[in-house]
Amino acid sequence: MSLLPILRFPDPRLKTLAAPVRNIDEGIIRLARDMAETMYEAPGIGLAATQVDVHRQVIVIDVSETRDRLLTLINPRIIESDGKQVCEEGCLSVPGIYEKVERAESVVVRYLDLAGQEETIRGDGLLAVCLQHEIEHLSGKVFVEHLSRLKQMRIRAKLDKQAKITA
Ligand code: NI
């Protein structure tokens with residue numbers, strides 16, 4: 001297992017569209033394992049392959065307080081969404097930034113598990129937010145893109161400053 005480096009917004013590679021996984025081979029299983037380790041270590045509640053510069057449709061999520069309910073979703077698709085909620089979100093690719101985003105209150109997601117079985121999961125509240133946030137990464141979108149242009153400019157400036165301090 002190994003920790004994977006996480007791309008930081010506004011890295012243009014975060015805009016890459018992830019390709020569907022056709023064959024769940026050793027490489028995909030290793031990727032999912034390394035992504036889970038990276039997410040727990042960060043620590044975060046979700047990570048998309050896009051964020052570790054692998055452009056395949058793989059996400060990992062664990063919103064449990066006990067950190068022992070790992071979900072690995074291959075080729076996830078939202079097939080139903082209902083209601084509205086506003087939740088303060090953060091992202092491992094946008095360190096230190098937390099902003100309110102409006103999303104569906106509940107979603108149903110169809111995906112393949114690591115054994116290649118088709119599954120569906122219904123999530124509401126935080127799990128629904130996390131599913132929507134991670135699935136969006138696979139289509140090249142970062143949560144700050146829901147915010148006003150002015151807010152996005154401020155966030156870019158703040159992250160630039162951070163990058164200079166840590167460089
Ligand atoms: Ni994120």
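All ligand and atom numbering here is 1-based and tracks the order in the structure. In this text the structure is predicted, and so the values were computed from the model without any measurement.
- Every residue meeting the side chain to side chain donor-acceptor pair (under 3.5 Å) condition with Gln57, not counting sequence neighbours, appears here in chain and number order: Arg77.
- Applying the salt bridge (charged side-chain N to carboxylate O under 4.0 Å, His left out) rule to Asp160 yields no partners; only residues at least two apart in sequence or on another chain are considered.
- For the Ni ion (ligand 1), the neighbouring protein N/O/S atoms at less than 2.8 Å, given as residue and atom, are Cys91 SG, His133 NE2, His137 NE2.
- Remark: Asp124 engages Glu105, Ser106 in a side-chain contact (heavy atoms from CB on, under 4.5 Å) (not counting sequence neighbours).
- Ion pairing between a basic and an acidic side chain is recognised when a charged N comes within 4.0 Å of a carboxylate O; Glu119 and Arg110 show no such pairing.
- Under a cut-off of 6.0 angstrom, the local environment of CZ in Arg67 is crowded, with over 12 non-hydrogen atoms contributed by other residues, nucleotides or ligands.
- Remark: the Glu102 side chain and the His146 side chain contain no N/O donor-acceptor pair separated by less than 3.5 Å.
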